[in-house]
Amino acid sequence: MRTFSDILDNNYFDKDSIVRLLGAQGRDKELLFLKAAEVKQKHIGNTVHLRGLIELTNNCTKNCYYCGIGASNNKLERFMVELTEVTKAIHFINDNSYGSVVIQTGEIQNEQFTSAIEDILYSITKIGKGKLGVTLSCGEQSLVTYKRWKAAGAHRYLLRIESSDKDLYYKLHPKNKKHHFETRLESLRSLQECGYQTGTGVMIGLPFQTLENLANDLIFMRDFNIDMCGMGPYIEHLDTKLYKYKKLVPSKETRVDLSLKMIAILRIMMKDINIAATTAMQTLVDGGREMALKAGANILMPNTTPGIYREQYSLYDNKPGLNEEAEDNKISIEKLIARAHCKPGYGEQGNSKHYSKRID
Ligand code: 5AD
């Protein structure tokens, strides 16, 4: 039988190897994280790139079973951040040299929304004098819409596959036209075709999810040749359909452990992609984001959404930083980065190196 080090030193991880890595404990686990740290240092260094996150609207036409802002949740007040406030947030991001903006929304497909995003993209270009990187995370859209947003200034797009296993996908989403697995794949392909730096990701520790599923998720990312990844633990939300399966959700510790291993393994598999240290990590454990940075992540997305809207953007329970705009201020972000022995990439867009090589 192959030893753990044999597996770790092999250049290509197959599914069985990944399952073994995900199950690593003790010394083996230490070896996995050491290798990931080594790969990170060698290929992308210790700079953490910042993206100021604006959660623009919780309006959403979908009903994903895990998500707190699904259309049928009528306990929420729906909001769209006003343009003046968006502009203020963009100025904040620019003035603090975060380098990039992320606009995240529920999923809405209509002309009014498409052009509202275009307007925001134009303001980002204007305020940042064309120097700010822009990531959109606005769900499945038509190729035409993706092209319009690209032309208006967006560089990157995040669209999580949530799970690459079709059966599991349909345990997380209604089985209807609006929530089609194939449409998600098609959208990801359209994004690549449009020339976006394309990102995807999954939730970790979902009910019904196996280690094999997670291994296949990582293989999916490699096969898809993604440029960026945002993945983190699944967190229950009381007002969602998936909540009733909460007994099937692994413990917090297991979800954190698995999420860190997923990051570390992906870093070894895809050495030069951008990987985010997500807020969900922070929700499950204090210091979750710095743990993610140590495991191989290199992107932080400090929340710059105006405070008054934050409570209405609860994708999951106990999301941190709901009441205070200061949670993700420059000083706390700097401390977090320093604790992870990294440095902030102020004023840099921090584009995916993988993308630059891919299009060369
Ligand atoms: N737990 C963790 N992540 C969640 N997301 C949505 N709901 C949850 C949840 N309950 C993630 C999804 C989505 C991203 C915007 O937030 O992966 O793509």
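One-based numbering, in listed order, for ligands and for the atoms of each. For the single chain, residues carry numbers from 1 onward in sequence order. Side chains included, hydrogens not; waters and symmetry mates left out as well; all remaining heavy atoms used.
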S.K.: Going by the order shown, which atoms of ligand 1 are within less than 4.0 Å of some heavy atom of R160?
M.R.: 11 (C), 12 (C), 17 (O), 18 (O)
S.K.: Within a distance under 4.0 Å of any heavy atom of Y234, pick out the atoms of ligand 1 and give their elements.
M.R.: 1 (N), 2 (C), 10 (N)
S.K.: Of the protein's non-hydrogen atoms, which lies at the shortest distance from atom 13 (C) of ligand 1, and what is that distance?
M.R.: E162 OE2, 3.4 Å
S.K.: So do L143 and C194 actually touch side chain to side chain, heavy atoms under 4.5 Å?
M.R.: yes
S.K.: Going by heavy-atom distance to atom 3 (N) of ligand 1, choose the closest among M203, E55, M281.
M.R.: M203
S.K.: Output the list of atoms in ligand 1 that are nearer than 4.0 Å to some heavy atom of P233, sorted by atom number.
M.R.: 2 (C)
S.K.: Side chains of M269 and I18: closer than 4.5 Å at any heavy-atom pair?
M.R.: yes
S.K.: Nearest protein heavy atom to atom 16 (O) of ligand 1, by residue and atom, and its distance?
M.R.: L315 CD1, 3.4 Å
S.K.: Hey, is E236 touching ligand 1 through its side chain, its backbone, both or neither, going by heavy atoms under 4.0 Å?
M.R.: neither
S.K.: Would you indicate whether F92, at its atom CZ, is surrounded by more than 12 heavy atoms from other residues, nucleotides or ligands within a distance under 6.0 Å?
M.R.: yes
S.K.: Given side chains that start at C-beta, do those of F113 and T105 come closer than 4.5 Å, heavy atoms only?
M.R.: yes
S.K.: I want to check something: taking the side chain as every heavy atom from C-beta on, are K330 and D95 in contact at a cut-off of under 4.5 Å?
M.R.: no
S.K.: Heavy-atom distances under 4.0 Å are what count here, so tell me which part of H237 touches ligand 1: side chain, backbone, both or neither.
M.R.: neither
S.K.: Which protein non-hydrogen atom lies closest to atom 6 (C) of ligand 1, naming both residue and atom, and how far is it?
M.R.: Y66 CD1, 3.7 Å
S.K.: Is the shortest distance from a Lys or Arg side-chain nitrogen in E38 or K35 to a carboxylate oxygen in the other one below 4.0 Å?
M.R.: no
S.K.: Hydrogens and angles aside, do D227 and N274 bring a side-chain donor and acceptor to less than 3.5 Å of each other?
M.R.: no
S.K.: Take a 6.0 Å sphere around NZ of K241 and say whether it holds more than 12 heavy atoms from other residues, nucleotides or ligands.
M.R.: no
S.K.: Numbering the atoms of ligand 1 from 1, which are under 4.0 Å from a heavy atom of C67?
M.R.: 7 (N)
S.K.: Can you list the ligand 1 atoms lying under 4.0 Å from a non-hydrogen atom of Q104?
M.R.: 15 (C)
S.K.: Of T200, I235, I204, which has the heavy atom at the shortest distance from atom 9 (C) of ligand 1?
M.R.: I235
